[in-house]
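Input: a single structure, listed below in structure tokens.
Throughout, a chain's letter reflects where its sequence line sits, starting with A, and its residues are numbered from 1.
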Amino acid sequence: MTVRTRFAPSPTGYLHVGGARTALFCYLYARKHGGQFVLRIEDTDLERSTAESVNAILEGMTWLGLDYDEGPFYQTHRFDRYNQVIEELLDKGLAYRCDCPKERLEKLRVDQMARKQKPRYDGCCRHKQVDPNQPHVIRFKNPADGVVIVDDLIRGRMPFANEELDDLIIRRSDGTPTYNLSVVVDDADMEITHVIRGDDHINNTPRQINILRALGFEPPRYAHVPMILGDDGARLSKRHGAVSVISYRDMGYLPEALLNYLVRLGWSHGDQEIFSIEQMIEAFDISDVNKAASSFNTSKLDWLNQQYLQQAEPSRVARLLSPHMGRIDIDPSTGPDLADVVKAQAARAKTLVELAEISAFCYRDFEDFDEGSAKKHLRLVAREPLEKLRAAFELMAFEDWTPEQLKHVVEGVSEELQLNLGKVAQPLRVAIVGRAASPGIEETLMLVGKEATLRRIDKALGYIAARGGEA
RNA sequence: GCUCUCUUCGUCUAGUGGUUAGGACGCUGGCCUCUCACGCCGGUAACAGGGGUUCGAAUCCCCUAGAGAGCGCCA
């Protein structure tokens with residue numbers, strides 16, 4: 001039997017990190033076992049499902065590279081099949097029509113709560129003959145006694161008493177099927193062997209197993225993965241900032257970094273932290289996933305992203321960085337090759353957004369010197385070295401503007417003036433970058449270029465002059 | 001309220017009766033060094049609490065507490 005997993009989001013919002021991790025686990029499990037991964041859109045809730053959400057989910061999956069072998073299948077396209085199954089259940093006496101008014105149900109619930117009981121439908125219509133032409137819902141006739149064993153791949157055996165379960169609605173009064181019915185039919189029809197989903201579905205599982213059995217299907221294996229919580233340990237929500245996968249793309253994270261972060265949330269393989277997709281597929285096993293919920297920790301994601309930024313092919317990073325440069329009004333074609341900037345800067349940024357920010361100086365003059373840096377390095381004592389550097393640079397031919405020559409010039413000035421390299425390189429750095437942090441001085445000079453270097457040194461000299469005798 | 005689930009450093013985790021309770025992020029001390037960053041070396045910090053079982057419990061059992069989920073004509 002070949003393994004078949006499915007990711008089945010409901011299109012009522014974007015793809016969030018919890019869903020993405022579930023999808024990743026489904027993907028990895030299928031790939032590991034040479035099986036198939038199918039995508040199914042659970043849009044039976046006509047009220048809340050939107051095309052925008054479908055697109056957002058698809059976009060998120062594509063960005064992460066979680067490609068599916070089949071689908072996306074839409075449940076709204078399968079209503080005939082669900083109704084066929086419902087009719088079958090009705091015919092076999094395994095389901096029945098119910099016309100209990102909402103008021104009655106509400107009162108029942110309130111009374112049960114008052115009696116400290118679990119609210120559940122009392123089976124009132126089980127033996128009533130409800131007119132099929134009048135408004136009604138259809139309920140599944142859940143077994144009254146016995147236990148359902150959910151043998152979960154992550155949590156082990158979980159027995160549920162049928163007494164705790166009630167006769168759930170499988171078709172609404174408007175004729176549409178409900179979730180518990182459609183999942184079951186789809187999982188059976190699509191021959192899903194392993195249902196990997198959030199643990200908020202644990203309590204649904206025994207009901208679904210009962211429906212499956214009533215229909216004569218063998219239940220799939222289940223694996224309920226724990227939730228992802230926010231940094232503060234509370235359920236992940238908008239107030240934790242980003243939850244949408246796409247927002248991580250926009251904040252400048254690499255998809256492989258997010259995937260790596262997500263796979264390690266609730267799962268591990270010895271002491272290994274960095275996993276390529278291939279390594280994940282090789283090492284992953286759903287039964288190794290943790291039972292407890294875990295908190296999302298942005299600083300670890302940052303670290304991973306930085307690791308990937310350094311490892312990744314500079315030309316690819318450059319391509320991904322380009323739109324972020326655009327967002328801060330920089331056209332990378334107007335300056336040094338963006339891939340060269342990436343090579344010089346990648347280890348200095350946690351995200352592409354940050355990489356763009358710290359690289360802006362390569363493409364345009366900065367507005368003001370960073371106050372602290374200027375105060376410390378653009379002092380009167382820096383005037384002479386800057387003037388000598390400027391003079392030397394000015395004499396350099398375009399083809400001499402190389403790292404070797406530039407290093408030679410800077411070192412030459414420091415030797416000539418009997419100053420530590422830092423006393424020369426730092427003022428120069430602040431002069432041409434605007435602040436005291438940048439790649440090695442010759443690399444920085446290469447990226448800035450001769451013309452801008454001279455212009456910015458002049459600006460720094462002007463700053464020093466304006467400062468006068470101070471310091 | 002009822003049912004179900006979960007509980008090792010701040011966070012992610014290793015650990016399945018005998019370990020100085022390991023690793024990673026973060027924080028922190030140092031090295032490297034023209035700055036920042038990277039990198040390297042070191043430090044900080046945990047078995048929720050209480051009872052058992054056992055020669056011996058993070059590991060097995062029970063209770064308590066805390067956290068989460070479900071109890072919809074949502075999925």
Side-chain contact check for A:T178: nearest option of B:rA75, B:rU35, B:rC34 is B:rA75
Scanning all shown strands, the Watson-Crick or wobble mate of B:rA37 with both distances under 3.5 Å is none
For the aromatic rings, using the six-membered ring if either is Trp, is the centroid distance between A:Y253 and A:Y308 under 6.0 Å? no
- Message: Considering every strand and a 4.0 Å limit on heavy-atom distances, what is the contact class for A:R264: base, sugar-phosphate, or nothing?
- Response: base
Review point. Can the ring centroids of A:H201 and A:Y179 be said to lie less than 6.0 angstrom from one another?
Key: yes
Indicate, with a heavy-atom threshold strictly under 4.0 Å, whether A:K116 touches base, sugar-phosphate, or nothing. sugar-phosphate
| message | So that I can tick it off, tell me whether A:E387 and A:R390 are bridged by a salt bridge, with the cut-off set at under 4.0 angstrom between side-chain N and carboxylate O. | response | no
Take atom C1' in B:rA21 and the same atom in B:rA57, then report the distance between them in whole Å. 13 Å
Base, sugar-phosphate or nothing for A:Q306? Non-hydrogen atoms, less than 4.0 Å. sugar-phosphate
Within residues 140-158 of chain A, those residues having any heavy atom closer than 4.0 Å to RNA chain B are A:R155, A:M158
(message) Using a 4.0 Å heavy-atom cut-off, does A:Q307 contact any base of the nucleic acid, only the sugar-phosphate backbone, or nothing at all?
(response) sugar-phosphate
- Task: Describe the nucleic acid contact of A:F160 in one word from base, sugar-phosphate, nothing, applying a heavy-atom distance below 4.0 Å.
- Result: sugar-phosphate
Among B:rC12, B:rC34, B:rC71, the one nearest any side-chain atom of A:L265 is B:rC12
Taking B:rU11, B:rA75, B:rC34 as options, the one with an atom nearest any side-chain atom of A:D45 is B:rA75
For this session: Verify whether the ring centers belonging to A:Y68 and A:F7 lie closer than 6.0 Å.
Result: no
Side-chain contact check for A:D200: nearest option of B:rC34, B:rG70, B:rC6 is B:rG70
| said: Would A:D152 and A:K291 count as a salt bridge (Lys or Arg N to Asp or Glu O under 4.0 Å) here? Give the steps. | reply: CA-CA 11 Å; A:D152 194 276; A:K291 297 177 190 175; over 6 Å; no
Apply the test salt bridge (Lys or Arg N to Asp or Glu O under 4.0 Å) to residues A:E411 and A:K407: give CA-CA distance (whole Å), side-chain angles for both, the deciding distance (0.1 Å), then the verdict. CA-CA 6 Å; A:E411 284 175 352; A:K407 186 172 167 44; 2.9 Å; yes
Re B:rU5: Watson-Crick or G-U wobble partner, both distances kept under 3.5 Å, found to be B:rA67
Measure from NZ or CZ of A:R139 to the centre of the six-membered ring of A:Y121 and say whether it is under 6.0 Å with the direction within 45° of the ring axis.
-> yes
Problem - Phosphate OP1/OP2 of B:rU13: any A:S294 side-chain N/O under 4.0 Å - result: yes
C1' gap between B:rU59 and B:rU19, integer Å
12 Å
Donor-acceptor contact below 3.5 Å, side chain A:N305 vs main chain A:L254: yes
To the nearest angstrom, the CG-C1' distance between A:N162 and B:rC4 comes to 15 Å
Of B:rA75, B:rC4, B:rC6, the nucleotide closest to the side chain of A:N203 is B:rC4
Which part of the nucleic acid does A:G198 contact within heavy-atom distance under 4.0 Å: base, sugar-phosphate only, or nothing?
-> nothing
- [ ] Remember a base hit wins even if backbone is also touched, and classify A:S299 as base, sugar-phosphate or nothing at under 4.0 Å, heavy atoms.
- [x] sugar-phosphate
Answer for the Watson-Crick or wobble partner of B:rG42, both distances under 3.5 Å, is B:rU28
### Query
Which part of the nucleic acid does A:H201 contact within heavy-atom distance under 4.0 Å: base, sugar-phosphate only, or nothing?
base
Of the listed B:rG70, B:rU13, B:rC73, the closest approach to the A:S268 side chain comes from B:rU13
In whole Å, what separates the P atom of B:rU54 from that of B:rU20? 25 Å
(Q) Could you tell me how far B:rU5 sits from B:rG43 if I compare only their P atoms? Round to whole Å. (A) 41 Å
*asked:* Heavy atoms only, 4.0 Å cut-off, all strands: where does A:R435 land among base, sugar-phosphate and nothing?
replied: nothing
Here the distance between atom P of B:rC36 and atom NZ of A:K350, to the nearest Å, is 15 Å
Rounded to whole Å, CD of A:E411 lies from P of B:rU35 at a distance of 13 Å
Taking only the P atom of each, what is the distance from B:rC63 to B:rC2 in whole angstrom? 15 Å
Using the P atoms only, state how far B:rG1 lies from B:rC38, rounded to an integer number of Å.
50 Å
Picking from B:rG22, B:rA69, B:rG72, the nucleotide nearest the side-chain atoms of A:R109 would be B:rG72
For B:rC12 and A:S295 - does any side-chain N or O of the residue sit under 4.0 Å from the phosphate oxygens OP1/OP2? yes
- Message: What's A:Q310 touching, base or sugar-phosphate or nothing? Going by heavy atoms closer than 4.0 Å.
- Response: sugar-phosphate
Against the side chain of A:K102, the closest entry in B:rG1, B:rU35, B:rC73 is B:rC73
Paired to B:rU16 by Watson-Crick or G-U wobble criteria (both distances under 3.5 Å) is none
Applying a 4.0 Å non-hydrogen cut-off, can you work out what A:K423 is touching in the nucleic acid: base, sugar-phosphate, or nothing?
nothing
_Residue A:K459 excluded, over 12 heavy atoms near NZ under 6.0 Å_ = yes
- What does A:P439 touch in the nucleic acid at a heavy-atom separation under 4.0 angstrom: a base, only the sugar-phosphate, or nothing? base
To the nearest angstrom, the CH2-C1' distance between A:W303 and B:rC38 comes to 13 Å
Taking for A:R21 and for A:T44 the nucleotide of RNA chain B with the nearest heavy atom, the one nearer the 5' end belongs to A:R21
Whichever of A:R207 and A:N290 has the more 5' nearest nucleotide on RNA chain B, that residue is A:N290
In short, A:L262 meets A:F296 closest at the heavy-atom pair CD1-CE1, 4.1 Å
Query - Span that lies between the C1' atom of B:rC61 and that of B:rU3, in whole angstrom - result: 23 Å
inquiry  = Regarding A:S414, tell me which of base, sugar-phosphate or nothing describes its non-hydrogen contacts under 4.0 Å with the strands shown.
reply    = nothing
As its Watson-Crick or G-U partner within any shown strand, both distances under 3.5 Å, B:rA57 has none
### Message
Tell me if the CD atom of A:Q84 is crowded by more than 12 foreign heavy atoms within 6.0 Å.
### Response
yes
Taking B:rC6, B:rC34, B:rG1 as options, the one with an atom nearest any side-chain atom of A:K291 is B:rC6
If I pick the C1' atom on B:rG52 and the same atom on B:rA46, what distance separates them, to the nearest angstrom?
24 Å
Base, sugar-phosphate, or nothing: which does A:Q117 touch, judged by heavy atoms less than 4.0 Å apart?
base
